[in-house]
Amino acid sequence: MSSYGNFQHFLASIGEVAKEASVSTSAIRHWEKEGLLTPQRDIHSGFRQFNIQDIRKIYIIRAVQRTVFSLDTVRQVLKEVENKQMSQTREIANSALEQINLMLLNQFKGIAAFHHLLTTLDEAGVTKK
């Protein structure tokens with residue numbers, strides 16, 4: 001990654017950022033297209049240059065999207081972080097965790113139901129293929 005003495009002037013390419021954050025370059029381009037990111041461009045090459053704030057946003061976007069939330073929710077979280085509204089960000093994160101826990105609970109209930117069905121079929125003498 002390109003560094004110019006300190007983190008205030010730290011810049012990285014899209015490939016470097018994608019590798020570091022474990023996301024694809026196409027995801028980063030999509031997030032830029034959606035207005036979630038606005039990296040600066042090198043004046044000579046036109047290549048994207050990501051600073052520390054951009055990289056922080058990528059980590060936030062990745063985390064929020066991996067919890068199956070829409071881009072609108074990602075925008076809201078980024079806005080709250082940029083406005084230093086950490087209590088709002090915390091509320092969003094807590095709400096996300098509650099929703100994930102509910103989804104997981106429902107999945108476990110579904111798994112238990114399938115196990116019960118298979119046990120019932122076994123007890124009834126239904127053969128396995």
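More than 12 non-hydrogen atoms from other residues, nucleotides or ligands lie less than 6.0 angstrom from OH of Tyr59.
Taking 4.5 Å as the limit, every side-chain heavy atom of Ile61 sits out of range of all side-chain heavy atoms of Val23. Side-chain contact check for Ser22 versus Arg62: some heavy-atom pair is nearer than 4.5 Å. For the pair Leu36/Lys57, no side-chain contact is recorded, criterion being any heavy-atom separation below 4.5 Å from C-beta on. Residues Arg48 and Asp54 have side chains not in contact (no heavy-atom distance under 4.5 Å, counting atoms from C-beta outward).
The structure places NZ of Lys33 at 16.0 Å from CD1 of Ile28, a figure rounded to the nearest 0.5 Å. From Ile52, atom CD1 reaches atom CZ of Phe10 across 4.5 Å, with rounding to the nearest 0.5 Å. Leu118 contributes atom CG, which lies 6.5 Å from atom CG of Asp122 (distance to the nearest 0.5 angstrom). Rounding to the nearest 0.5 Å places CD of Glu16 at 11.0 Å from CD1 of Ile14. Summarising the geometry, atom CD1 belonging to Ile58 is positioned 10.5 Å from atom CD belonging to Glu20; distances are rounded to the nearest 0.5 Å. Between atom CD1 of residue Ile55 and atom CG of residue Leu11 there is a gap of 8.5 Å, rounded to the nearest 0.5 Å.
Of all non-hydrogen atoms in Gly15 and Thr25, the two that sit nearest each other are CA-CG2, 4.2 Å. For Ala18 against Ser24, the heavy-atom pair with the smallest separation is CB-C, 4.1 Å.
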